[in-house]
Amino acid sequence: MEMGIVVGRVTATRKDDRLVGTKLLITQPIGVDGTPLDSQPIITVDTVGAGIGEQVIFVKGSMASRAIQNKDAPVDAAIVGIIDSME
Amino acid sequence: MEMGIVVGRVTATRKDDRLVGTKLLITQPIGVDGTPLDSQPIITVDTVGAGIGEQVIFVKGSMASRAIQNKDAPVDAAIVGIIDSME
Amino acid sequence: MEMGIVVGRVTATRKDDRLVGTKLLITQPIGVDGTPLDSQPIITVDTVGAGIGEQVIFVKGSMASRAIQNKDAPVDAAIVGIIDSME
Amino acid sequence: MEMGIVVGRVTATRKDDRLVGTKLLITQPIGVDGTPLDSQPIITVDTVGAGIGEQVIFVKGSMASRAIQNKDAPVDAAIVGIIDSME
Amino acid sequence: MEMGIVVGRVTATRKDDRLVGTKLLITQPIGVDGTPLDSQPIITVDTVGAGIGEQVIFVKGSMASRAIQNKDAPVDAAIVGIIDSME
């Protein structure tokens, strides 16, 4: 998994039916000290009630689809935890 | 998933049979502000009626094959949404 | 999928049995304008009769194994189309 | 797999149920000489009793879920060995 | 797949049971001309009898697990061929 900070939200009216009702959050990967890394932002499906500005754990690839309710959805990134602390 | 902008279309007469009839769009990853990132363009299968110049959500890897009609096609990237807004 | 240009061929006498008879082509990722990108060359299994110098579409990851005849072969990249044009 | 050094631990109270009880370690990829690489730190599930400062072998992607006890957990990185030596 | 050169070997006494008996080789990705690339070294499971200094073909991701004997092992990279020539 990776550490990230939620920096925004994506709205998409026209989308795959199985994505309807999902909360699509833009997550920027961060380093151990919490600073944003120079890597690509990811659209993640929220599964834990994350909000803008929160530091999160997200999973990528086919394993991400395990985290969401609709197991058939075409999803490759999901937030699976909210970080309390990194030490 | 990632954010991208559709920048072109690929035509291929000789191709895997299961790709016949698919619309193959070239998608350039973009950042939160919509500017193209310095990363590799991706050939994505369109599943939502996307067109050149539109900002889209695309999924990569094995999950992409879930988005397309022919579930057996050798596809690793698909457009699954058209972005209304990023905020 | 990605766009690439076939730049060479790999010969390997000692290899996994399931790769015997496959044509292993070295493919360099290219941009929309056809220029080689500064990214790692990939060994792709040819499934469409591609040759050196041709621009191709290739798929990576587990989906690549769908493209080849031996469905059990340990393959993570395959050429699935020859590009006529990018526009 | 990749070589890494365990540099920290992540605590997350709110998380996917299947991650409860897992030890989430932050692992920084390292080179052959043991120096940290300039690549993104990974949150890995520990499966071998690794501790901070230890050099480890970690696996990424869907194969990582094989290493952990809950086979259904949404996990894409796991520590599967502690390095004695690299030579 | 990728081209690489075997640059070392990893020893790990404490490891996932299913990795016992595997030969874990450190493989550095190389370019078409055989020069090492500036990318991360990979720990690959040898399946073809490769040795230090040899140029090899390796497969990454879930497909790598197809190459090894224990089909349940948590493995994401395997050497599947020894390169005779690249032309």
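In the text below, chain A, chain B and the rest are named by the order of the sequence lines, each starting its count at 1.
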Specify the closest pair of heavy atoms between M3(B) and P41(A), including all atoms of both residues, with the distance to one decimal. CE-CG, 3.7 Å
Residue selection (most heavy-atom pairs with chain A, distance under 4.5 Å) from Q55(B), M63(B), M86(B): M63(B)
In terms of heavy-atom proximity below 4.5 Å to chain A, should A64(B) be classed as side chain, backbone, both, or neither? neither
Cut-off 4.5 Å, heavy atoms of chain B, and the answer for A73(A) is backbone
Given I57(B), V80(B), V59(B), the one that forms side chain to side chain contact (heavy atoms under 4.5 Å, CB included) with D16(A): V80(B)
By a 4.5 Å heavy-atom criterion (distance strictly below it), what part of I42(A) contacts chain B: side chain, backbone, both, or neither? both
Interface moiety of I83(B) toward chain A, non-hydrogen atoms closer than 4.5 Å: both
Atom pair CZ (R66(B)) and CG (D76(A)), whose distance is rounded to the nearest 0.5 Å: 10.5 Å
Between I30(B), I82(B), V48(B), who has the most heavy-atom pairs with chain A when the cutoff is under 4.5 Å? I82(B)
Does D33(A) have more than 12 heavy atoms from other residues, nucleotides or ligands lying within 6.0 Å of its CG? yes
Heavy atoms only: give me the nearest S62(B)-S62(A) pair and the separation to one decimal. OG-CB, 3.6 Å
Max heavy-atom pairs within cutoff under 4.5 Å with chain B, candidates Q28(A), R14(A), K60(A), goes to R14(A)
Check whether S39(B) gets within reach of chain A through its side chain, its backbone, both or neither, counting any heavy atom under 4.5 Å. side chain
CG/D38(B) to CD/Q40(A) distance, rounded to the nearest 0.5 angstrom? 10.5 Å
Considering only heavy atoms from C-beta outward, does the side chain of V45(A) approach that of M1(B) to under 4.5 Å? yes
